[in-house]
Amino acid sequence: AESVAAPLAGNIFKIVAKPGSQIVAGDVLLILEAMKMETEVRAARSGTVLDVLVKEGDAVSVGDSLVSLV
């Protein structure tokens, strides 16, 4: 499994990805909110969502694992 890391520090605003769902490179996995700006976290490659490691409202730091893909 490969994890998708947080590109910046902020709060999880919305989770789009669901465990078991098929994704394509470029799909939005979740939306981070930092300093009143929303940032889409996208899949770098195609695969299947194994697990979502955060929940809406969680605070994350740069590099934290957000989603695991297989």
Side-chain angles (χ1 to χ4, degrees):
E2 172 187 331
S3 66
V4 176
L8 46 88
N11 293 316
I12 304 300
F13 179 69
K14 182 174 187 205
I15 296 174
V16 180
K18 303 278 185 257
S21 59
Q22 297 289 321
I23 51 143
V24 178
D27 281 359
V28 175
L29 299 173
L30 51 84
I31 299 172
L32 266 174
E33 182 184 48
M35 299 180 293
K36 303 294 180 203
M37 301 255 317
E38 292 178 10
T39 302
E40 294 177 338
V41 177
R42 296 179 178 268
R45 65 172 182 85
S46 299
T48 303
V49 177
L50 183 64
D51 199 10
V52 177
L53 307 169
V54 292
K55 59 186 183 301
E56 291 178 7
D58 282 359
V60 296
S61 299
V62 175
D64 284 357
S65 294
L66 305 174
V67 178
S68 57
L69 304 175
V70 288

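These numbers come from the heavy atoms of this one structure, side chains and all, not from hydrogens, waters or symmetry mates.
- Once rounded to the nearest 0.5 Å, the distance linking CZ of Arg42 with CD of Glu40 reads 4.5 Å.
- Nearest heavy-atom pair across Pro7 and Leu32 is CD-CD1, 3.8 Å.
- Atoms CG and OG1, on Leu50 and Thr48 in that order, are 9.0 Å from each other to the nearest 0.5 Å.
- Between the side chain of Ser46 and the main chain of Ala25, a donor-acceptor pair closer than 3.5 Å is present.
- Cluster membership for Ile15 and Val60, using ILVMFWY side-chain heavy atoms within less than 4.5 angstrom, is shared.
- Side-chain contact between Asp51 and Val67 is absent, with no heavy-atom pair separated by less than 4.5 Å.
- Side-chain contact check for Asp64 versus Leu53: every heavy-atom pair is 4.5 Å or farther apart.
- We find the CG-CE distance between Leu8 and Met37 to be 9.5 Å, quoted to the nearest 0.5 Å.
- Phe13 and Val28 end up in the same hydrophobic cluster when Ile, Leu, Val, Met, Phe, Trp and Tyr side chains are linked at under 4.5 Å.
- A continuous path of hydrophobic side-chain contacts links Val49 to Val54 [ILVMFWY only; heavy atoms under 4.5 Å].
- The CG atom of Leu69 lies 4.5 Å from the CD1 atom of Ile23; values are rounded to the nearest 0.5 Å.
- Residues Val4 and Val41 meet the side-chain proximity criterion, which asks for heavy atoms closer than 4.5 Å.
- Minimum heavy-atom separation, Ala34 to Gly10: CB-CA, 4.2 Å.
- Taking 4.5 Å as the limit, some side-chain heavy atom of Pro19 sits within range of a side-chain heavy atom of Val52.
- Contact detail for Glu2 and Arg45: the closest heavy-atom pair is OE1-NE, 2.7 Å.
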